[in-house]
There are 2 protein chains.
Amino acid sequence: MPIDDTREQQPLLVTMGDAAGIGPEIVLRALMREDAPAALVLGCPQALRRAAALLAPGSAWPIAVLESPADFAACPPRCIPVWAPPGLPGGLEALPWGQIDERAGRAAAACIEAAVRLLQAGTGRAIVTAPIHKEALSAAGVPYPGHTEMLQALAAPAGGAAPPVRMMLANEELRVVLVTIHMALRRALEVLDFDAVLSTIRIAHGAAAAWGQAAPRIAVAGLNPHAGEGGLFGDEEVRFIAPAVQAARAEGIDARGPYAPDTVFMRARHAPPRHPGEFDLVVAMTHDHGLIPVKYLGVEEGVNVTLGLPFVRTSPDHGTAFDIAGRGVADDASLRAALRMALALSAGG
Amino acid sequence: MPIDDTREQQPLLVTMGDAAGIGPEIVLRALMREDAPAALVLGCPQALRRAAALLAPGSAWPIAVLESPADFAACPPRCIPVWAPPGLPGGLEALPWGQIDERAGRAAAACIEAAVRLLQAGTGRAIVTAPIHKEALSAAGVPYPGHTEMLQALAAPAGGAAPPVRMMLANEELRVVLVTIHMALRRALEVLDFDAVLSTIRIAHGAAAAWGQAAPRIAVAGLNPHAGEGGLFGDEEVRFIAPAVQAARAEGIDARGPYAPDTVFMRARHAPPRHPGEFDLVVAMTHDHGLIPVKYLGVEEGVNVTLGLPFVRTSPDHGTAFDIAGRGVADDASLRAALRMALALSAGG
């Protein structure tokens with residue numbers, strides 16, 4: 001089913017997300033722009049048409065419903081090509097806005113699975129996912145708490161283990177890969193160890209190679225103030241962070257550190273010409289050490305990237321925003337950033 | 001000895017710091033600018049003359065050695081008024097650059113003590129301290145590890161206890177007050193409690209009142225990802241951070257939170273007109289939660305402010321830089337920011 005031999009000329013695969021949230025609206029808003037990248041939307045045409053009605057009058061482009069993803073190439077410009085994967089429930093266009101509904105969860109999961117299967121079959125360049133709602137997924141009986149776990153499972157080889165993944169948060173200036181994410185800080189201190197740090201460095205390095213950056217400069221942030229100040233303010237740097245950096249270097253990875261957390265992100269910040277950035281990626285030990293600097297200049301520019309999958313997957317760094325769904329006021333900035341990031345990261349494969 | 005009845009028309013008191021470091025050089029560089037604030041330097045005239053010789057040829061202004069601080073008012077423009085407090089050791093102009101020396105430690109301590117005594121006697125507007133070296137201080141037998149402890153002791157009433165203080169790191173956009181600072185993250189989790197959080201909020205509020213901001217909007221950052229997500233990712237927010245915020249509110253303090261650490265600093269960022277900032281101050285639980293965002297846009301703009309003292313004290317956010325001392329290349333940006341901050345914080349008293 002490949003549309004083109006060159007993956008770079010293939011469309012991004014964009015899943016519509018939870019149909020009761022802002023997903024369909026921001027997908028359309030982001031793709032109905034002259035500078036939007038080539039993209040195939042996986043979703044429910046009726047739900048998307050309902051969302052199109054939320055846009056500014058006269059601004060919506062027609063939605064072209066494809067019989068098959070391969071018809072993408074024949075879709076004229078200033079149309080939004082939509083393919084409805086098999087198994088979508090009906091009635092999505094009548095869902096109450098902003099409410100948890102198992103049909104929305106079922107549809108969201110079907111779109112995600114279809115996107116992975118398309119990529120595995122050679123169609124599409126990368127996956128960009130609009131927000132889903134964990135409770136709707138759960139109500140639909142989907143056995144995964146969120147995108148990441150579902151994508152891991154879908155990416156696993158038949159009978160094989162799911163690949164280890166890490167979350168990267170990125171904007172135009174900074175790319176941060178997290179060793180620990182959604183757990184108490186106290187718990188993060190328990191689970192952090194040599195293996196966790198080394199495997200994160202390896203995943204970051206492998207992902208960068210996949211997006212065409214063969215020798216990324218990886219800075220590893222410490223855990224403690226001043227990276228422990230030689231053991232005075234904590235020993236995790238001495239016990240396992242520095243050894244993990246050394247082990248990575250022994251594998252040929254350009255990892256450095258551990259560096260003081262309070263300055264390493266500033267040093268990595270890539271804002272040329274005045275501030276070219278000393279590193280390409282920063283590995284952060286905790287959720288907030290990593291996310292504070294990425295979000296500081298404006299959360300709307302943050303993009304979530306899942307590293308470790310055999311394909312590129314990005315998503316906006318916000319949720320379904322049920323509180324404003326259906327009102328036509330949702331901002332597509334983060335989704336557009338996710339589209340740009342997906343293009344960039346899939347350019348060098 | 002008051003120079004003027006209005007504290008706002010008084011000079012900043014600037015201590016020269018360790019004479020073997022970059023202190024004298026950056027003090028002169030910062031004050032020999034047309035837009036420099038009125039300042040009285042407490043230091044060794046010979047050491048300062050040696051530093052003046054490091055500046056660009058023709059750029060140095062004359063150093064006016066005052067008999068008494070009260071002579072400040074008679075000092076002509078484009079002169080640097082310097083007062084040598086009693087007890088300065090001789091030979092400071094011959095100290096090897098970049099080396100620990102007990103004479104430098106002794107002199108630095110004498111300047112700090114003199115600055116506090118001047119303020120207590122009604123002369124001076126605020127103290128701005130150039131960097132000192134902890135080991136030089138120790139070699140001189142000074143019984144305090146650094147500026148903060150020394151200033152606390154000097155500020156204590158006769159026979160009374162030293163006032164509790166907190167470190168604020170600030171730049172033009174963001175002011176962050178830290179509950180814990182130089183200790184292992186693991187240790188910070190042990191010492192954080194209701195009293196530590198509440199007293200930090202009170203100190204921050206009191207300091208803001210002293211600098212003329214009667215009802216500062218104080219955001220309290222959580223400790224855990226998403227501020228604990230209702231107890232799912234840690235219970236410190238539920239156990240004592242939220243109660244401390246409530247207790248502060250019951251005292252009439254406009255404290256709010258706990259907020260998710262990854263977005264509260266972005267929300268507080270004051271970059272008008274596009275981003276006016278929702279809060280005036282952020283209370284951060286750990287050193288790096290607070291310092292990462294302050295330093296992200298450039299460490300040279302960070303200013304260290306000691307809150308809880310009965311006067312305003314600021315300092316640049318770097319050390320003596322022994323590695324570049326005596327080479328004439330030290331950057332005065334952070335000291336200039338410290339001077340501006342001292343002016344701003346002492347304007348409303």
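A note on names: the letters A, B, ... follow the listed sequences, proteins ahead of strands, and every chain is numbered from 1. The structure displayed is predicted, hence computed values, not measured ones.
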Taking every non-hydrogen atom, the tightest pair across B/P131 and B/G23: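 B/P131 and B/G23 have their closest heavy atoms at CD-CA, 4.3 Å.
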Choice from A/V264, A/L291, A/T286, A/D235 maximising heavy atom contacts with chain B below 4.5 Å: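 Maximum pair count with chain B is reached by A/L291.
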Whether A/Y296 and B/Y296 hold their rings parallel, tilted or perpendicular, with breakpoints at 30° and 60°: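 Rings of A/Y296 and B/Y296: perpendicular, over 60°.
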Geometric class of the A/F279/A/Y259 ring pair [parallel <30°, tilted 30-60°, perpendicular >60°]: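 Tilted: the ring planes of A/Y259 and A/F279 meet at 30° to 60°.
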Heavy-atom proximity to chain A below 4.5 Å, by part of B/I181: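 Answer is backbone: N, CA, C or O of B/I181 sit under 4.5 Å from chain A.
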Under 4.5 Å from a heavy atom of chain A, the part of B/R269 involved: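 Both parts, backbone and side chain.
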Which of B/P225, B/G234, B/A221 touches chain A most, by non-hydrogen pairs under 4.5 Å: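 Sorted descending by pairs with chain A, the first entry is B/P225.
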Winner by heavy-atom pair count (cut-off under 4.5 Å) against chain A, out of B/L185, B/L189, B/D262: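 Maximum pair count with chain A is reached by B/D262.
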Gap separating the CG atom of A/L174 from the CG atom of A/L297, nearest 0.5 angstrom: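 Between atom CG of A/L174 and atom CG of A/L297 there are 9.0 Å.
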Spacing of NE2 belonging to B/H147 relative to CG belonging to B/L137, to within rounding of 0.5 Å: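 So the gap between those two atoms works out to 8.0 Å.
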Chain B contact via A/E236 - side chain, backbone, both or neither, heavy atoms under 4.5 Å: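 Just its side chain gets close to chain B.
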Chain B contact via A/R187 - side chain, backbone, both or neither, heavy atoms under 4.5 Å: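 For A/R187, there is no contact with chain B at all, as no heavy atom is under 4.5 Å.
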A/H275 side-chain N/O to A/M266 backbone N/O, donor-acceptor pair under 3.5 Å: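 Checked: pair present.
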